[in-house]
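Worksheet: the structure to be examined is printed underneath.
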Number of protein chains: 2
Amino acid sequence: MDELLVSEGRALKHVQVREYVRSLVSGSAPGSPAPSERELVHRFGVARMTVRQAMDALVVEGLLERIPGRGTFVARPRRVASRLTSFTEEMSRRGLLAESQTLLARREQAGPGVARALSLSEGDAVIHWRRLRRADGVPMCLEDAYLNEVLIPGFLQSGMPTSLYDALGARGLRPTWAEDSITADAVSEEEATLLEVEPGTAVLRHSRRALSGEKVVEVSRSVYRSDRFTLWVQLGQES
Amino acid sequence: MDELLVSEGRALKHVQVREYVRSLVSGSAPGSPAPSERELVHRFGVARMTVRQAMDALVVEGLLERIPGRGTFVARPRRVASRLTSFTEEMSRRGLLAESQTLLARREQAGPGVARALSLSEGDAVIHWRRLRRADGVPMCLEDAYLNEVLIPGFLQSGMPTSLYDALGARGLRPTWAEDSITADAVSEEEATLLEVEPGTAVLRHSRRALSGEKVVEVSRSVYRSDRFTLWVQLGQES
DNA sequence: TAGTGGTCTAGACCACGAA
DNA sequence: TCGTGGTCTAGACCACTAA
């Protein structure tokens, strides 16, 4: 169902039709009619199966909805599951400015836990990056990230980026899937000082193991101030 | 792309082919070859487009993977996002036996918060169901669920079920999408007594708004013991 | 070279919705 | 009744892979 553009870049017919329809309806309100299949057959001079192939792709994509006997219409946006986002993106989504203060960034030898999580062997080189993360200036989160040095050579030398996920994305390693665990705990003294809360306050502990394709690109442990941060998760598809 | 079974229940050809292939490959290891399209054309005496329609559905579903020039193969299972599960299902997935003790189950008038969350008006009738939930006998969670009485008439009279989601499913109202919020907090005295923890211990507070289609079927607030419960979330698709 | 999936044609009949 | 999408046919040529 993919592109496979021909030699010089001539688009396949079903792709032409698909993109024509996409541009027609993009921006239209849900429920707006798309051109009928037979109308597109005439306009492009192609067979109906070709038009159907184009429309099928848009239906699978969730852009269009077919109603037998009536026509094809712009679908209302589907309710989807949460995207996998970085702290920076998540704060920006909430209208807050994310800032990071690097407390530590160095090469280390992986301990047993980190090695297992990163699918490495104990003692392999990893990058340990500890940051205090603020939103609109308020301490929000203390994060320890561990990265597989082999996947991002020269990372420490290249100057630390603001957004880890942007930096990974630039290397074609943007996380596509992650498993998170979340629990509540009392904050430690060291954490309390950095997060500027009372020792013993309840905090959220968040661990993430993020993959790009089959590669584990990030393992992290974070502590979030619970008075400043609520985790939001959407589950399920469609509806 | 749906069934639309004909009159007496005769299956459509592409459905026959699809289900034949599904039964053939179900249980096969990822990478196992599926029958070629032309082989299925012969076996079923149908046109190739019909076979492709059947295979397309299985590819979209993630069961098969096409490799041009080589053939069609069983796809490795995709890494998917977390399913929307109930407490009962979640505990069972962890190998624990879920039990529920109903502390309260009655008709109430919706307050402003619950009314808004359930898309009702203040004062409308809702069912308030408070349960202490145990896993393998250990108190795990205290949950207050609010349900729209109009959607589940006779719910209170029919005897409370073990699993709310099973009961909703039996009425065609199984949640398909939910938004959850999670935060950490200190446990209250009343909660501490019921959950059998020290007052002031850190706990996870979890709120859920669950929809079945466009209808809000459940609004709940839960408190989880953090020493017994860690929330797991998978984000993203495929990889 | 033989087999595979990817694309495409030019028709056909059906059930369903709206007028 | 007419237009819509749903299903289906019996071919065709292409690019690619593997032997």
Side-chain angles (χ1 to χ4, degrees), chain A residues 1-21 24-25 28 30-75, chain B residues 1-21 24-25 28 30-75:
Chain A
M1 208 52 85
D2 273 4
E3 309 322 56
L4 289 180
L5 290 196
V6 188
S7 43
E8 335 88 289
R10 233 192 69 262
L12 301 173
K13 294 192 181 179
H14 78 266
V15 175
Q16 286 182 45
V17 176
R18 190 224 299 154
E19 296 311 315
Y20 170 77
V21 175
L24 257 192
V25 304
S28 306
S32 311
S36 80
E37 297 178 356
R38 283 155 178 96
E39 183 184 333
L40 291 166
V41 165
H42 270 91
R43 175 180 297 271
F44 284 89
V46 298
R48 183 151 166 246
M49 286 306 295
T50 305
V51 169
R52 282 186 66 76
Q53 183 178 7
M55 303 291 262
D56 273 340
L58 296 174
V59 169
V60 166
E61 204 177 295
L63 183 64
L64 298 182
E65 181 182 9
R66 291 204 250 241
I67 306 184
R70 296 229 297 132
T72 306
F73 304 88
V74 178
Chain B
M1 208 49 83
D2 273 3
E3 308 321 54
L4 289 181
L5 290 196
V6 188
S7 41
E8 335 89 289
R10 235 193 69 263
L12 301 173
K13 294 192 182 182
H14 78 265
V15 174
Q16 287 181 43
V17 176
R18 190 225 297 156
E19 295 311 315
Y20 169 77
V21 174
L24 257 191
V25 305
S28 306
S32 311
S36 80
E37 297 178 355
R38 282 151 179 100
E39 184 184 332
L40 291 166
V41 165
H42 269 92
R43 176 180 298 273
F44 285 89
V46 297
R48 183 151 164 246
M49 287 304 295
T50 306
V51 169
R52 283 185 65 77
Q53 184 177 6
M55 303 291 262
D56 274 340
L58 296 173
V59 168
V60 167
E61 205 177 294
L63 184 63
L64 297 182
E65 182 183 9
R66 289 203 251 243
I67 307 185
R70 297 228 298 132
T72 306
F73 305 88
V74 178

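Residue numbering restarts at 1 for every chain, and letters A, B, ... go by the order of the sequence lines.
- Rounding to whole angstrom units, CD of residue A:Gln16 and P of C:dT7 are separated by 13 Å.
- In this structure, CG of A:Leu40 is placed 15 Å from C1' of D:dG3, rounded to the nearest angstrom.
- Phosphate proximity of D:dT4 to A:Ser36: present, with a side-chain N or O under 4.0 Å from OP1 or OP2.
- Going from atom CG of A:Leu12 over to atom C1' of C:dG5 covers 14 Å, rounded to whole Å.
- One can place CE of B:Met55 at 17 Å from P of D:dT7, the figure rounded to the nearest angstrom.
- Phosphate contact (OP1/OP2 of C:dG6, side-chain N/O of B:Arg52, threshold under 4.0 Å): present.
- Atom pair A:Leu58:CG and D:dG5:C1' shows a separation of 15 Å (rounding to whole Å applied).
- Put simply, CZ on B:Phe73 is 12 Å from C1' on C:dG3, counting in whole angstrom units.
- Across all their heavy atoms, A:Leu64 and A:Ala34 have their closest contact at CD2-CB, 4.2 Å.
- Remark: A:His14 NE2 to A:Glu19 CD distance equals 9.5 Å, nearest 0.5 Å.
- Here CD of B:Gln53 is found 8.0 Å from CE of B:Met49. Values are rounded to the nearest 0.5 Å.
- The side chain of A:His14 has C:dT7 as its nearest neighbour among D:dT7, C:dT7, C:dT4.
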Any N/O pairs under 3.5 Å between the protein and nucleotides 9-12 of chain C? List them or say none.
| residue | atom | partner | partner atom | Å |
| --- | --- | --- | --- | --- |
| C:dT9 | OP1 | A:Lys13 | NZ | 3.0 |
| C:dT9 | OP2 | A:Ala47 | N | 2.7 |
| C:dT9 | OP2 | A:Thr50 | OG1 | 2.6 |
| C:dA12 | N6 | A:Arg48 | NH1 | 3.3 |

Could you go over nucleotides 16-19 of chain D and give all protein N or O partners under 3.5 Å, atom names and distances?
| residue | atom | partner | partner atom | Å |
| --- | --- | --- | --- | --- |
| D:dT17 | O4' | B:Gly69 | O | 3.4 |

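- Taking the side chain to side chain contact (heavy atoms under 4.5 Å, CB included) definition, one finds that B:Glu37 meets it with B:Arg48, B:Val51, B:Arg52, B:Arg66, sequence neighbours left out.
- Taken from CZ in A:Arg70 to CD in A:Glu65, the straight-line distance is 9.5 Å, to the nearest 0.5 Å.
- To the nearest 0.5 Å, atom CG of residue B:Leu63 and atom CZ of residue B:Arg18 are 11.0 Å apart.
- Rounding to the nearest 0.5 Å gives a distance of 7.0 Å between CG of B:Leu40 and OH of B:Tyr20.
- A:Thr72 contributes atom OG1, which lies 11.0 Å from atom CD of A:Glu39 (distance to the nearest 0.5 angstrom).
- OP1 or OP2 of D:dG5 lies within a sub-4.0 Å distance of a side-chain N or O belonging to A:Thr72.
- Across B:Ala75 and B:Gly62, no two heavy atoms sit closer than the pair CB-O, 3.5 Å.
- B:Glu39 has its CD atom 8 Å from the P atom of C:dT4, to the nearest Å.
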